[in-house]
A.B. asks: 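To start, I am sharing the structure in question, which I have written as C-alpha cells.
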Amino acid sequence: MPIPLIEAKNLKKYFKTPAGILHAVDDVSFRINAGETLGVVGESGCGKSTLGRTILRLLEATSGEVLYNGENILSYPRPQMKQVRLNMQMIFQDPFTSLNPRLSISSIIAEPIRVCGTIKSKQGVRDKVCELMEVCGLPDRYVNTYPHELDGGRRQRVGLARALAVDPKFIVCDEPVSALDVSIQAQILNLLMDLQDKQGLSYMFITHDLCVVRHISTNIMVMYMGKVVEYAPKEELFLHQAHPYTQALLSAIPTTDLNRRNRKRHALAGEVANPINPAPGCRFAPRCPYACERCKEPQALREVSPGHYAACVLCQE
Ligand SMILES: Nc1ncnc2c1ncn2[C@@H]1O[C@H](COP(=O)(O)OP(=O)(O)OP(=O)(O)O)[C@@H](O)[C@H]1O
Ligand SMILES: [Mg+2]
C-alpha cells in the first residue's frame with residue numbers, strides 16, 4: 001500500500017472548560033492519499049473544524065499522531081513545522097472575515113509568498129499573483145481592489161488563491177461554500193476539482209451539506225460528538241449506510257426522484273448531547289431507535305465490507 005499523504009492516528013483534541021473536559025475530537029484515525037478528497041460530515045459541534053485545525057497544528061493535539069508523507073509532524077519543532085506548513089493550507093467558510101480588509105487583493109495573495117520567501121524579486125511575486133488570479137478565475141482588473149468590493153464567490157476565489165500561493169499539496173477546506181449561493185457554490189466546487197486534477201492536490205473537505213460532499217469526495221467520514229461513526233468510499237456510503245446516524249443523515253436529503261419519495265425517513269429526535277465528560281458507550285445511543293444495553297460499551301470501528309467501517313453494535317452480528 002502506498003504511504004498516504006496525510007494520516008491521522010488516534011488523534012484527540014480535548015478542551016479544558018469550567019464544566020469539565022470537552023472531547024471535541026476523540027480518537028480519530030484516517031488516511032488521505034495524494035489526489036484524493038476526504039469529506040467530513042456531521043452536525044454542528046461534532047468536531048469537524050477542530051479536527052481540521054488540529055491536523056494543521058493550528059491547535060495542538062491532546063494526543064495521537066498526524067503523519068505527513070509518513071512522518072509525525074506533531075513532534076516537529078517550529079522551524080521544521082514552518083517548512084511543512086507550506087504544504088498544508090486551509091480555506092475557511094467566511095472569506096470576508098479571513099481576508100484582511102485593509103490589504104488589496106494582490107497584497108493578500110502575495111502575503112504568504114513574502115512570508116515564506118520562495119520568490120525573491122518584486123516582479124516575480126507580481127507575476128505569481130497574476131498567475132494565481134488567473135488559475136482561480138479572478139480577472140486582472142481586481143488586482144488593486146479590496147475585499148469589500150468583491151462578492152462572496154470572488155472573495156472565496158481570493159482565499160483559494162492565497163492558499164495556493166505556496167504550492168501546497170494538501171488543503172483543509174472548512175465549509176468553503178456554505179455561505180455562497182448555490183450557483184456560485186457549484187463554480188467554486190468545480191474550480192477545486194479542476195485544481196485537484198491538474199495539480200494532484202488532496203483535500204479534507206468539511207461540510208454539513210451531503211449533496212456537496214457527494215459531489216467532491218473520494219471517501220466520506222461521518223462524525224458524531226468527536227467520534228468517527230462511519231467511514232467509507234463515497235459511492236458505497238450512499239448505497240449502504242451501516243450506522244443508524246448515517247442512515248438518519250442521508251434520509252434527510254431532499255429528493256426529486258419520485259420513486260424514492262416514499263422512502264423511509266429516519267428522523268433525528270433531540271440535539272447532539274454535550275461532549276463534556278461523555279460516557280464511554282456509543283454517543284449516539286440517546287437518539288438511536290435501535291439502542292440497547294450493549295451500546296453502553298465503547299464501540300470501535302469494524303470493517304463491514306472492504307474499506308467500509310462503522311462503529312455500531314448492529315455491525316457485530
Ligand atoms: N477553543 C475552544 N474551547 C472550548 N471548546 C471548544 C473550542 N473550540 C471548539 N470547542 C467545542 O468543541 C466542539 C466541536 O467544535 P467544532 O467547532 O469543531 O465543531 P464543528 O463540527 O466544526 O461545528 P460547525 O458545523 O458548527 O462548524 C464544540 O462543542 C465546541 O463548542
Ligand atoms: Mg466548524
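Quick caveat, the model's predicted, so the values are computed rather than measured.
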A.B. asks: What's the spacing between R155 CZ and L180 CG if we round to 0.5 Å?
C.D. replies: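 The CZ atom of R155 sits 9.0 Å away from the CG atom of L180.
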A.B. asks: Any donor-acceptor pair under 3.5 Å linking the side chain of E303 with the backbone of G307?
C.D. replies: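 Here the side-chain-to-backbone pair exists.
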A.B. asks: With distance as the sole test, does E230 use its side chain to make a donor-acceptor pair with the main-chain N or O of A242 at under 3.5 Å?
C.D. replies: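 Yes, the answer is positive, given that a donor and an acceptor are paired below the 3.5 Å cut-off.
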A.B. asks: Looking only at heavy atoms, what is the nearest atom pair of A19 and N277, with distance?
C.D. replies: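 Looks like O-ND2, 3.8 Å.
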A.B. asks: Between S104 and N144, is any side-chain donor less than 3.5 angstrom from a side-chain acceptor?
C.D. replies: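 Looking only at side-chain atoms, N144 and S104 do not form any donor-acceptor pair under 3.5 Å.
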A.B. asks: Is L132 reachable from L195 through a run of hydrophobic residues whose side-chain heavy atoms are each under 4.5 Å from the next?
C.D. replies: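 Shared cluster, yes.
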A.B. asks: Taking all non-hydrogen atoms of both residues into account, name the closest pair between N10 and S29 and its distance.
C.D. replies: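 Shortest heavy-atom contact: N-OG, 2.8 Å.
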A.B. asks: Which label fits H243 and Y245: parallel for a plane angle under 30°, tilted from 30 to 60°, or perpendicular past 60°?
C.D. replies: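 Ring orientation of H243 relative to Y245: perpendicular.
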A.B. asks: With a 4.5 Å limit on heavy-atom distance, are the side chains of P176 and F205 in contact?
C.D. replies: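 A side-chain contact exists here, since the closest heavy-atom pair is under 4.5 Å.
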A.B. asks: Inspect the surroundings of CG in L58 and state if more than 12 heavy atoms from other residues, nucleotides or ligands are less than 6.0 Å away.
C.D. replies: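 Enclosed.
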A.B. asks: Would you call K198 and V135 a side-chain contact if the rule is heavy atoms closer than 4.5 Å?
C.D. replies: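 Contact flag for K198/V135 side chains = no.
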A.B. asks: What I want to check is whether the side chains of R157 and Q187 have a donor and an acceptor closer together than 3.5 Å.
C.D. replies: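 Yes, side-chain donor-acceptor contact under 3.5 Å.
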A.B. asks: First locate atom CD of E7, then atom CZ of R31, and finally report the distance between them rounded to the nearest 0.5 Å.
C.D. replies: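 It is 4.5 Å, given to the nearest 0.5 Å.
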A.B. asks: Which atom names give the shortest non-hydrogen contact between V25 and G47, and what distance separates them?
C.D. replies: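 Minimum heavy-atom separation between V25 and G47: CG2-O, 3.6 Å.
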A.B. asks: Looking only at side chains, do D127 and Q123 share a donor and an acceptor under 3.5 Å apart?
C.D. replies: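 A donor-acceptor contact under 3.5 Å links the two side chains.
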A.B. asks: When you compare the side chains of Q93 and S178, does any donor N or O come within less than 3.5 Å of an acceptor on the partner?
C.D. replies: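 No, no side-chain donor-acceptor pair sits under 3.5 Å.
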A.B. asks: Between the side chains of E43 and R287, is the shortest nitrogen-to-carboxylate-oxygen separation below 4.0 Å, so that they form an ion pair?
C.D. replies: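 Here R287 pairs with E43 in a salt bridge, since their nearest N and O are under 4.0 Å apart.
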A.B. asks: Please assess S305 against E236 for the test side-chain contact (heavy atoms from CB on, under 4.5 Å), listing each intermediate value before the final yes or no.
C.D. replies: CA-CA 9 Å; S305 62; E236 166 70 9; 3.2 Å; yes
A.B. asks: Search all heavy atoms of S202 against all heavy atoms of I32 and return the closest pair with its distance.
C.D. replies: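 Shortest heavy-atom contact: CB-CG2, 4.1 Å.
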A.B. asks: With the side chain counted from C-beta on, respond yes when P79 and K82 share a heavy-atom pair under 4.5 Å apart, and no when they do not.
C.D. replies: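 P79 does not reach K82 side chain to side chain.
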A.B. asks: Within 45° of the ring axis of F238 and under 6.0 Å from its six-membered ring centre, is that where the NZ or CZ of R214 lies?
C.D. replies: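 The answer is yes; both the distance and angle limits are met.
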A.B. asks: Run the salt bridge (Lys or Arg N to Asp or Glu O under 4.0 Å) test on E36 and K234 for me, step by step, so that the C-alpha distance in whole Å, both residues' side-chain angles and the decisive distance to 0.1 Å come before the verdict.
C.D. replies: CA-CA 11 Å; E36 289 186 354; K234 166 179 70 176; over 6 Å; no
A.B. asks: Can any side-chain N or O of Q185 pair as donor or acceptor with the backbone N or O of V177 at less than 3.5 Å?
C.D. replies: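 Yes, the answer is positive, given that a donor and an acceptor are paired below the 3.5 Å cut-off.
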A.B. asks: For L201, which of L5, L164, T37 qualifies under side chain to side chain contact (heavy atoms under 4.5 Å, CB included)?
C.D. replies: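 One option only clears the test, and that one is L164.
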A.B. asks: Check the side chains of E71 and Y76 for a donor-acceptor pair under 3.5 angstrom, ignoring hydrogens and angles.
C.D. replies: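 Side chains of Y76 and E71: pair found under 3.5 Å.
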A.B. asks: Can N190 and H215 be said to form a side-chain contact (heavy atoms from CB on, under 4.5 Å), step by step?
C.D. replies: CA-CA 9 Å; N190 290 338; H215 191 63; 3.4 Å; yes
A.B. asks: Would a single hydrophobic cluster contain both I91 and I105, if residues Ile, Leu, Val, Met, Phe, Trp and Tyr are joined by side-chain heavy-atom contacts under 4.5 Å?
C.D. replies: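 They do share one cluster, since a chain of ILVMFWY contacts under 4.5 Å joins I105 to I91.
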A.B. asks: Is the shortest side-chain heavy-atom distance between C292 and V313 below 4.5 Å?
C.D. replies: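 The answer is yes; the side chains approach within 4.5 Å.
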A.B. asks: Would you call I220 and V41 a side-chain contact if the rule is heavy atoms closer than 4.5 Å?
C.D. replies: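 When only atoms from C-beta onward are counted, V41 and I220 do touch, with a gap below 4.5 Å.
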A.B. asks: Write down the atom of L56, the atom of M81, and the distance for their closest heavy-atom approach.
C.D. replies: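 What the structure gives for the nearest pair is O-CE, 4.1 Å.
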A.B. asks: CD of Q199: more than 12 outside heavy atoms within 6.0 angstrom?
C.D. replies: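 Buried by this count: over 12 neighbours within 6.0 Å.
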A.B. asks: Looking at CD of Q83 and CG of L86, how far apart are the two atoms once the value is rounded to the nearest 0.5 Å?
C.D. replies: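 Interatomic distance, Q83 CD to L86 CG, rounded to 0.5 Å: 5.5 Å.
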A.B. asks: Is there a donor-acceptor pair under 3.5 Å between the side chain of K48 and the backbone N or O of G45?
C.D. replies: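 A pair under 3.5 Å: no.
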A.B. asks: Check whether any side-chain heavy atom of V158 sits under 4.5 Å from a side-chain heavy atom of Y142, and report yes or no.
C.D. replies: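 A side-chain contact is absent here, since even the closest heavy-atom pair is not under 4.5 Å.
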A.B. asks: Would you say D197 has more than 12 foreign heavy atoms packed within less than 6.0 Å of its CG?
C.D. replies: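 Enclosed: over 12 neighbouring heavy atoms sit under 6.0 Å from CG of D197.
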A.B. asks: Using the rule given for side-chain contact (heavy atoms from CB on, under 4.5 Å), can you reason through V212 versus L189, listing the C-alpha separation, both sets of side-chain angles and the distance that settles it, and then say yes or no?
C.D. replies: CA-CA 8 Å; V212 166; L189 290 178; 4.0 Å; yes
A.B. asks: Distance-only, no hydrogens or angles: does the R302 side chain make a donor-acceptor pair with backbone N or O of C312 under 3.5 Å?
C.D. replies: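 Answer holds: yes.
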A.B. asks: One pair to check against side-chain contact (heavy atoms from CB on, under 4.5 Å): M204 and F170. What are the steps and the verdict?
C.D. replies: CA-CA 8 Å; M204 171 184 268; F170 172 65; 3.9 Å; yes
A.B. asks: Could you report the tightest heavy-atom contact between L74 and G64, atom names first, then the distance?
C.D. replies: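 The answer is CD1-O, 3.4 Å.
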A.B. asks: For L38, is there any backbone N or O sitting under 3.5 Å from a side-chain donor or acceptor partner on T218?
C.D. replies: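 Not a single qualifying donor-acceptor pair exists.
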A.B. asks: If we ignore hydrogens and angles and just use 3.5 Å, is the side chain of T17 paired with the main-chain N or O of L22 as donor and acceptor?
C.D. replies: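 Here the side-chain-to-backbone pair does not exist.
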A.B. asks: For the CD atom on E293, are there more than 12 heavy atoms of other groups (residues, nucleotides or ligands in this structure) within a distance under 6.0 Å?
C.D. replies: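 Atom CD in E293 is not packed in, count stays at 12 or less.
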A.B. asks: Starting at CG of D26, measure out to OH of Y14 and round the result to the nearest 0.5 Å.
C.D. replies: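 So the gap between those two atoms works out to 3.5 Å.
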A.B. asks: Hydrogens and angles aside, do E175 and H208 bring a side-chain donor and acceptor to less than 3.5 Å of each other?
C.D. replies: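 The answer is yes; a qualifying pair exists.
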A.B. asks: May I ask you to decide if S183's main-chain N or O and D181's side chain share a donor-acceptor pair within less than 3.5 Å?
C.D. replies: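 No: the side chain of D181 does not pair with the backbone of S183.
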A.B. asks: Are Y68 and L51 grouped together when hydrophobic residues (ILVMFWY) are joined by side-chain heavy atoms under 4.5 angstrom apart?
C.D. replies: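 Both belong to a single hydrophobic cluster.
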A.B. asks: Between the side chain of S121 and the main-chain N/O of G124, is any donor-acceptor distance below 3.5 Å?
C.D. replies: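 Present.
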A.B. asks: Under a 4.5 Å cut-off applied to non-hydrogen side-chain atoms, are L250 and L210 in contact?
C.D. replies: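 Heavy-atom side-chain distance check passes, below 4.5 Å.
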A.B. asks: I need the Y203 OH to I6 CD1 distance, nearest 0.5 Å.
C.D. replies: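 It is 14.0 Å, given to the nearest 0.5 Å.
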A.B. asks: Can you tell me how far CG of L301 sits from CE of M221, rounded to the nearest 0.5 angstrom?
C.D. replies: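 The CE atom of M221 sits 9.5 Å away from the CG atom of L301.
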A.B. asks: Do the non-hydrogen side-chain atoms of R283 and P278 ever get within less than 4.5 Å of each other?
C.D. replies: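 They are in side-chain contact.
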A.B. asks: Is L99 reachable from L103 through a run of hydrophobic residues whose side-chain heavy atoms are each under 4.5 Å from the next?
C.D. replies: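 Cluster IDs for L103 and L99 match.
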A.B. asks: Is it true that F30 and I216 fall in one hydrophobic cluster, defined by side-chain heavy atoms closer than 4.5 Å?
C.D. replies: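 No; tracing contacts between hydrophobic side chains, which count when under 4.5 Å, never links both residues.
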A.B. asks: So does R78 get a backbone contact from the side chain of Q80, meaning a donor-acceptor N/O pair under 3.5 Å?
C.D. replies: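 Pair absent, no side-chain N/O of Q80 close to backbone of R78.
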